[in-house]
Number of protein chains: 2
Amino acid sequence: MRIGELAARTGVSRDTLRFYERVGLVEGRRLANGYRDFDAETVEWLAYVRTARALGFSLAEIARHGEELRDAPDQADALSALFEEKIRIVDARMAELAALRGELAARAGTGCPLRAAGA
Amino acid sequence: MRIGELAARTGVSRDTLRFYERVGLVEGRRLANGYRDFDAETVEWLAYVRTARALGFSLAEIARHGEELRDAPDQADALSALFEEKIRIVDARMAELAALRGELAARAGTGCPLRAAGA
DNA sequence: CTTGACCTTGGAGCGTAGTCCACTGTTTAG
DNA sequence: CTAAACAGTGGACTACGCTCCAAGGTCAAG
């Protein structure tokens with residue numbers, strides 16, 4: 001599939017897709033005329049990329065994980081390990097949020113000042 | 001307190017504090033000699049800013065919330081409302097993370113490919 | 001054969017969040 | 001009095017993640 005179709009299917013702009021290629025986040029073969037040619041799995045990969053991005057993972061991290069996966073001797077094992085690592089990160093982030101939530105809930109209603117200086 | 005002491009107490013660099021002042025995130029009076037003079041509550045405010053930042057809130061958002069608070073007719077009410085809003089955002093973010101966690105957990109071990117193209 | 005949709009490249013520009021630097025002024029300690 | 005430690009300013013610079021633009025190549029339809 002060419003870049004326009006991939007863009008349409010994923011909601012990621014052509015410019016962004018070219019940018020993602022530059023930073024190693026997606027890969028495309030080239031057709032004889034020089035056009036990029038992506039395969040269908042890239043759609044799923046980009047859905048994953050978008051989710052990971054939304055949750056605060058950097059493009060570099062995501063790309064690195066993709067590469068680790070590629071280089072792994074056992075794909076299934078590597079995938080499981082990657083997911084388990086991400087789950088740990090997600091758990092840690094959820095714990096942080098829970099802590100902030102607790103802090104906010106404790107302060108709500110007390111009138112405890114967070115900010116002294118009026119703008 | 002002058003900028004150096006505030007930096008030492010909060011772990012936020014002087015340059016960053018000056019930058020925060022420029023974007024309206026902190027406020028300082030000035031001493032006769034032109035030096036910034038912060039009050040003690042700014043330490044707590046910055047701790048809060050750092051937590052909020054770590055959780056993905058932008059400086060603009062944080063500054064805006066600070067201003068809303070300042071402009072509110074009833075400080076305690078405004079504070080409660082702000083915290084409740086943040087708690088809702090935090091809950092939403094936790095739900096997103098829980099969804100990703102579920103997705104990851106479901107895929108871990110299945111060998112379902114996320115990425116087709118080898119780098 | 002032209003028009004238009006699609007593709008290519010390179011490079012500029014933007015918003016966010018700092019970080020660093022040079023140069024200058026102020027305060028404090030020996 | 002001088003040196004060090006602190007403060008001020010303005011401006012350049014960085015990294016990230018896009019986003020836009022100009023100039024041009026490719027291809028299918030009319």
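In what follows, every chain begins at residue 1, and chains take the letters A, B, ... in the order their sequences are listed. Quick note: numbers below take in every heavy atom, side chains included, and nothing from hydrogens, waters or symmetry partners.
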task: Give the minimum heavy-atom separation between Gly24(B) and Ala63(B), together with the two atoms involved.
output: O-CB, 4.1 Å

- prompt: Which pair of heavy atoms, one from Trp45(B) and one from Leu25(B), lies closest together, and at what distance?
  reply: NE1-O, 2.6 Å

field: Canonical and wobble pairing (Watson-Crick, G-U, under 3.5 Å) of DNA chain C, dot-bracket with |
entry: ||||||||||||||||||||||||||||||

- request: Find the distance between OG1 (Thr42(A)) and CD (Glu21(A)) and round it off to the nearest 0.5 Å.
  value: 10.5 Å

message: Can you tell me how far apart OG1 (Thr10(A)) and CD (Glu5(A)) are? Round to the nearest 0.5 Å.
response: 10.5 Å

message: Protein within reach of the bases, or only the backbone? For nucleotides 15-27 of chain D, mark each nucleotide 5' to 3' as B, S or -, using heavy atoms under 4.0 Å.
response: --BBBB----BBS

- request: Rounded off to whole Å, could you give me the CZ-to-P distance for the Arg14(B) and dG10(D) pair?
  value: 19 Å

- prompt: Which pair of heavy atoms, one from Tyr20(A) and one from Leu59(A), lies closest together, and at what distance?
  reply: CE1-CD1, 3.7 Å

- prompt: To the nearest 0.5 Å, how far apart are CZ in Arg9(A) and CG in Leu46(A)?
  reply: 11.5 Å

query: Between atom CZ in Arg36(B) and atom C1' in dG8(D), what is the gap in whole Å?
result: 7 Å

- prompt: Could you give the CD1-to-C1' distance, from Ile62(B) to dA17(C), as a whole number of Å?
  reply: 11 Å

task: Would you kindly give the CG-to-C1' distance between Asp37(B) and dG8(D), to the nearest whole Å?
output: 15 Å

message: Nearest whole Å is fine: how far is dC6(D) P from Phe38(B) CZ?
response: 16 Å

- prompt: What closest approach, in Å, do Asp37(B) and Met1(B) show between heavy atoms, and which atom pair accounts for it?
  reply: OD1-N, 2.9 Å

message: Nearest 0.5 Å, please: how far is CZ in Arg29(A) from CG in Asp39(A)?
response: 4.5 Å

Gap between atoms CG and P, on Leu25(B) and dA17(C) respectively (whole Å): 9 Å

